[in-house]
Novice: 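Sharing a structure, written as structure tokens. Questions coming.
Small disclaimer: the values here were computed from a predicted structure and weren't measured.
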Amino acid sequence: MTEPAQSPRREPDPAVVDAGDGDGRGIYWVLKNVVVGPPVKRIFRPIVVGAENIPETGPAIIASNHLSYSDWIFMPLVLRRRVTFVAKSDYFTGAGIKGRFQRGFFKGTGQVPIDRSGGSASEGAMRAGMKVLERGELFGIYPEGTRSHDGRLYKGRTGVARLALEAKVPVIPCGVIGTDVVAPPGKVVASFASPTIKFGEPLDFSRYEGMESDRLILRAVTDEIMYKIMELSGQEYIDMYATKAKALEGRAVTGAPEKVRKTDT
């Protein structure tokens, strides 16, 4: 008697390790309301503006500027609802006090680690975001793709637009101010200044339904989101990707020639 054929085993997506699936709720509550939240709020006294723009229920994307690793802490702390982010895998493997804190916070709150070294990372982030939104939750995203190295606001990647159109959910712009003073690159805490987190009115892009494959539409939607973030944060806007700006600055310091490469829109 022959054994029945076995279905091929599906390998996990290397870009997205875990889409959360609602895990970590208990730990999230403890961290936010007992361990991390109360002392952070008492010490830093974060200022929140426009929290009423966050819907009480239902899925939505919160799109924010990105000045510091502490953005991941302050923005969720000022909201009653849980926010799930796609976080680069480095935040789950860091060393030292800062690394242990980040690792514990992100793992404990069910955030989604993404390996950005592979070409499928953006697709993995999209799938992870869709899962979160399908559960009726809030999904946080940094359209710039990386932290600003000089405090300015850089051109947004169009993934936020595609996710909003495919999931048919509103986008809530968010501007954080002063987190780069609290925790600049290379510092766990440098100042006890009070950061400000501003939330704008939800942006409805239903007029573009069915156009999520149109690159011009995706760029227009992304630019609208970035403009609203700029209004909230008060940052100077630079029409260039942050990664390219960092590379150009690095080459200016070292004197290396600029490499010519094709970039996405």
Side-chain angles (χ1 to χ4, degrees), residues 13-17 61-72 75 85-94 98-99 102 106 111-129 139-164 171 173-177 179-181 183-187 215-216 218-230 232-265:
D13 188 337
V16 54
V17 180
I61 296 170
I62 300 180
S64 175
N65 60 329
H66 196 13
L67 295 173
S68 164
Y69 83 88
S70 63
D71 297 339
W72 304 85
M75 192 257 270
F85 291 92
V86 166
K88 64 180 181 179
S89 58
D90 297 13
Y91 286 127
F92 296 79
T93 58
K98 174 181 172 182
Q102 287 179 339
F106 292 131
Q111 307 307 302
V112 186
I114 293 291
D115 179 2
R116 299 193 301 183
S117 61
S120 60
S122 60
E123 289 301 320
M126 284 287 296
R127 287 191 291 274
F139 185 70
I141 190 169
Y142 298 110
E144 292 170 279
T146 187
R147 286 180 295 179
S148 172
H149 64 290
D150 58 8
R152 298 186 292 182
L153 183 68
Y154 286 89
K155 187 176 181 178
R157 303 280 177 173
T158 57
V160 61
R162 186 154 69 95
L163 183 59
V171 177
C174 173
V176 295
I177 303 168
T179 54
D180 53 338
V181 175
K187 299 284 186 179
R215 296 177 64 184
L216 294 179
L218 294 180
R219 174 44 58 196
V221 169
T222 303
D223 288 347
E224 182 176 339
I225 294 169
M226 299 308 294
Y227 182 79
K228 293 297 182 180
I229 293 174
M230 179 189 70
L232 293 167
S233 69
Q235 292 168 281
E236 177 186 359
Y237 178 76
I238 304 298
D239 191 25
M240 178 188 300
Y241 292 121
T243 49
K244 182 177 181 180
K246 287 181 182 180
L248 289 175
E249 184 174 292
R251 283 193 286 270
V253 172
T254 62
E258 179 179 354
K259 293 181 180 178
V260 178
R261 61 185 294 269
K262 182 179 180 181
T263 58
D264 57 354
T265 52

Novice: Could you check whether any side-chain heavy atom of Arg157 comes within less than 4.5 Å of a side-chain heavy atom of Thr243, counting everything from C-beta outward?
Specialist: yes

Novice: At their closest point, which heavy atom of Pro143 faces which heavy atom of Ser64, and how far apart are they?
Specialist: CD-O, 3.3 Å

Novice: Working to the nearest 0.5 angstrom, can you tell me the gap between Ile238 CD1 and Lys244 NZ?
Specialist: 13.0 Å

Novice: When you look at Val171 and Lys228, which way does the side-chain contact (heavy atoms from CB on, under 4.5 Å) test go after all the steps?
Specialist: CA-CA 11 Å; Val171 177; Lys228 293 297 182 180; over 6 Å; no

Novice: Could you list the residues that satisfy side chain to side chain donor-acceptor pair (under 3.5 Å) with Thr222, not counting sequence neighbours?
Specialist: none

Novice: Supply the atom-to-atom distance Lys187 NZ to Ser68 OG, rounded to the nearest 0.5 angstrom.
Specialist: 13.0 Å

Novice: Holding to side-chain contact (heavy atoms from CB on, under 4.5 Å), I want the full list of residues that pass it with Asn65, two or more places apart in sequence or in another chain.
Specialist: Leu67, Glu144, Leu153, Val176, Ile229, Ser233, Gln235

Novice: Roughly how far apart are Ile225 CD1 and Ile141 CD1, rounded to 0.5 Å?
Specialist: 8.5 Å

Novice: Of all heavy-atom pairs between Met75 and Cys174, which one has the smallest distance, and what is that distance?
Specialist: CG-SG, 4.0 Å

Novice: For Glu224, which residues count as a side chain to side chain donor-acceptor pair (under 3.5 Å) partner, sequence neighbours excluded?
Specialist: Arg207

Novice: Could I get the full list of side-chain contact (heavy atoms from CB on, under 4.5 Å) partners for Leu218, not counting sequence neighbours?
Specialist: Thr158, Ala161, Arg162, Leu165

Novice: Quick one: pull up CG in Leu232 and OH in Tyr227 and give me the separation to the nearest 0.5 Å.
Specialist: 11.0 Å

Novice: Please determine whether side-chain contact (heavy atoms from CB on, under 4.5 Å) holds for the pair Tyr154 and His149, giving the CA-CA distance in whole Å, both sets of side-chain angles, and the decisive distance to 0.1 Å.
Specialist: CA-CA 10 Å; Tyr154 286 89; His149 64 290; 3.3 Å; yes

Novice: Who passes side chain to side chain donor-acceptor pair (under 3.5 Å) against Asp223, sequence neighbours left out?
Specialist: Arg219

Novice: Using 0.5 Å steps for rounding, measure from the CG atom of Asp239 to the NZ atom of Lys155.
Specialist: 5.0 Å

Novice: Check ring pair (Phe, Tyr, Trp, His ring centres under 6.0 Å) between Tyr142 and all other residues, then give those that pass, not counting sequence neighbours.
Specialist: His66, Trp72, Phe85

